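To find a chain, count down the sequence lines: A is the first, B the second, and so on, and within it residues start at 1. From a predicted model like this one, the values you see are computed outputs, not experimental measurements.
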Amino acid sequence: MAELSLHDEPQPARRWVPRRAPVRRGPVSALPLESWIAFAAVLAAWEIASHFLPPFLFPSLATVAATLVETLQSPGSVEAIALTYARILVSLALTFAIAGGLGIWAAVHPGVDRAIAPLVQLKQGVPAVCWAIFAIIWFKGMEPRVFFVVAVSTFPTFFYQLRDGVRGIPADLWSMVRAWRPSRWHLLRKLLLPSLVPSMLVAWRINLGNGARITVTAELLAGVSGIGHFLRESQEQFRMDAAIAWTVVMAVFVLSIDFGMGRLERRLLAWRQNPKPN
Amino acid sequence: MATESETELTADAIRFTGVHKLFRTAEQATLALRHLTFAVARGEYVCVLGRSGCGKSTTVNLLLGLGVPTSGQVSVLGHDPHREFARLRGRIACVFQNDRLLPWRNAIDNVRLPMEILGLDTSSAEAETWLQRLGLQGFEYAMPHQLSGGMRQRVALARALTSDPDILLADEAFGHLDEVTGNSLRTQFRQLAKDRGKTVLHITHSIDEALDFSDRILVLGKPGSVVADIAKIRELDVSSRVRLRAEILQHLQGPGVAAAAAGEAGVPPHLWEAGS
Ligand SMILES: Nc1ncnc2c1ncn2[C@@H]1O[C@H](COP(=O)(O)OP(=O)(O)O)[C@@H](O)[C@H]1O
Ligand SMILES: [Mg+2]
């Protein structure tokens, strides 16, 4: 049989292919029109209600806006906001490091999984409020208490997402990489972590809301510091406008981080054939 | 240690001695390899031919050290690829049936992967050269999903070649591509490997591919054992090629099947207890 020349394969139809590593800028996800309409309708209904009902139930939008500005300028509020945000993020980051690490370990060592999975399951059976009571009894300061309840409630999502993320790595890719005899560190850097990006993002987006809710609840119960403290004050003084202002401060935090993670997701997962729109 | 490097030099590139491989699952046990015995000398280009399910990929896994034989010995460059796993770092590479590119890396970064792991020069010059040799100029920064199947397999080929291994394995690496692309890639693979004096185990289920590309054919029966070892089959005239083809076909159909039908008579009974 005649040997084929090296270049007789028909040139593939030229597709557009970047010459440099591409930096993708996903379009800013604009809310669809319907969402805007629904949103505006809720605000309008509120505004109308404020004209017929007492202000301690439905303060007008203008009052709320004024209170928000006033709140942000009042002494101690910026510190309280920073404190709460920091508590949420630090607790989540620590829990992520612990639970994620254990999740990866459990995925590669069945023994570790057999040890930890039942504990996580058992934890799921205990009502969240019980953990709050344990936290109060076991720990003195506010910081360890917040960390404890956040860690307990966000642990399972981090653990399961990362464990199953590792399990989901195709056996083909494992053996391809393993055949080069990588160190553990290289296996982690070159295969595991890049494969786990989607799982990590999902876990963070779920747990951010959880962590924020639990942190503020804990602050509310303890009532000494953070946004929860001010929320409690608003409640005691029957200040609906202030309660809403503080709620906005929390919502902006969660939503803007979620938005940022959506952007990050589009950037990091641009290699996917069909990057899912947010 | 002089003795050690001596054994390395005198040893065959690849040697299987009485290798059995038994896969056990909860429901059943599958014998993938039965007393597989063969040797490949350095610089040889050998085709391993067998029907699907006869244990070809299992053989590759054992060579890469990713599996352990149930009994028998596997030796690669004088080392046990599983027990002396690290010894074969950078010395054996495989092109698999599917390209196995990392989907989050572009072509050139996929080619660089072995160099990063092996701690070799990770500048892109070498990787770029290989991509160019394989006709992928201008596609260096393309993501795998932007490339056609043939182009992806070229990237996989470049990845296997950049680390300059002594032994190259190709596990049905060209079988799923269309005729023209597959042939072009096979030819290129053979040329590149021969020019560099690599030892090659080219695994295929196609008799014609084996006849066209190898110096020697190992025909595997099912479960995997050598039923014929055919040397010097390059440059055949038409009639002897037809004869050889028929002979190989008979090997593939006949004895292997017969042996399988004869049951596990050839398997030492303790293997069935030992598990894999
Ligand atoms: N991990 C495994 N577990 C159980 N059975 C397996 C496993 N890998 C391969 N086998 C079985 O071993 C036999 C040989 O498989 P394989 O080596 O993949 O064949 P080939 O590559 O020649 O098509 C098949 O019957 C297959 O089902
Ligand atoms: Mg196979």
Side-chain angles (χ1 to χ4, degrees), chain A residues 1-24 165 168-201 265-275, chain B residues 60-61 64-66 85-90 92-94 96-109 113-114 116-119 133-135 138-148 150-151 154 156 159 163 169 180-181 183-188 190-191 208 211-212 236 241:
Chain A
M1 183 187 145
E3 289 239 329
L4 289 157
S5 84
L6 292 189
H7 291 288
D8 59 356
E9 183 184 354
Q11 275 298 302
R14 284 263 154 182
R15 304 161 185 230
W16 178 84
V17 160
R19 298 211 121 252
R20 293 266 126 227
V23 182
R24 284 235 195 139
I169 298 173
D172 278 2
L173 292 187
W174 268 107
S175 55
M176 183 278 291
V177 175
R178 289 246 305 127
W180 297 107
R181 284 135 169 90
S183 62
R184 263 159 215 257
W185 168 242
H186 272 139
L187 202 58
L188 192 71
R189 280 273 295 112
K190 312 285 174 193
L191 181 64
L192 288 185
L193 295 182
S195 306
L196 287 175
V197 168
S199 316
M200 289 186 202
L201 285 169
E265 193 170 311
R266 267 197 300 279
R267 246 186 67 112
L268 292 180
L269 303 184
W271 51 268
R272 286 185 167 185
Q273 213 152 350
N274 304 307
Chain B
V60 167
N61 263 344
L64 291 173
L66 301 176
F85 195 70
R87 280 281 183 162
L88 295 175
R89 240 170 149 255
I92 184 166
C94 184
F96 300 92
Q97 188 163 8
N98 45 0
D99 52 72
R100 305 196 184 182
L101 300 183
L102 297 177
W104 55 85
R105 285 179 172 233
N106 59 27
I108 198 159
D109 287 342
L113 176 76
E116 290 170 14
I117 290 176
L118 298 171
R133 267 186 207 136
L134 286 156
F139 292 93
E140 290 88 348
Y141 295 96
M143 300 305 284
H145 74 259
Q146 294 172 304
L147 299 173
S148 70
M151 294 161 94
R154 282 168 191 273
R159 178 178 62 192
S163 62
L169 311 175
V180 179
T181 310
N183 258 327
S184 150
L185 220 55
R186 274 188 273 271
T187 311
Q188 230 173 317
R190 186 189 153 81
Q191 201 63 53
D208 287 315
L211 285 173
D212 289 341
L236 287 171
R241 185 187 163 105

Under a 4.5 Å heavy-atom cut-off, does chain A meet the side chain of B:Phe96, its backbone, both or neither? side chain

Side-chain donor or acceptor of B:His145 paired with backbone N/O of B:Pro103 under 3.5 Å: no

Is A:Leu191 close to chain B through its backbone or its side chain, or both, or neither, when contacts mean heavy atoms under 4.5 Å? both

Please rank A:Met176, A:His186, A:Arg189 by heavy-atom pairs under 4.5 Å with chain B and give me the top one. A:Met176

Between the side chains of B:Thr181 and B:Arg154, is a donor N or O closer than 3.5 angstrom to an acceptor N or O? no

Considering only heavy atoms, which portion of B:Gln97 lies under 4.5 Å from any heavy atom of chain A: side chain, backbone, both, or neither? neither

Nearest 0.5 angstrom please: A:Trp180 CH2 to B:Arg159 CZ, how far? 7.5 Å

Given 3.5 Å as the limit, does a donor-acceptor pair link the side chain of B:Arg89 with the main chain of B:Ile117, or not? yes

Any side-chain heavy atom of B:Leu64 within less than 4.5 Å of one from B:Cys94? yes

So what's closer than 4.5 Å to chain A heavy atoms on B:Arg105: side chain, backbone, both or neither? side chain

Any side-chain heavy-atom pair of B:Phe139 and B:Leu147 under 4.5 Å: yes

If we define contacts as heavy-atom pairs under 4.5 Å, which of B:Ile92, B:Asp109, B:Leu102, B:Asp208 has the most with chain A? B:Leu102

Under 4.5 Å from any heavy atom of chain A - which part of B:Leu101: backbone

Please determine, among B:Pro114, B:Ser163, B:Ala93, the option with the most heavy-atom pairs under 4.5 Å with chain A. B:Pro114

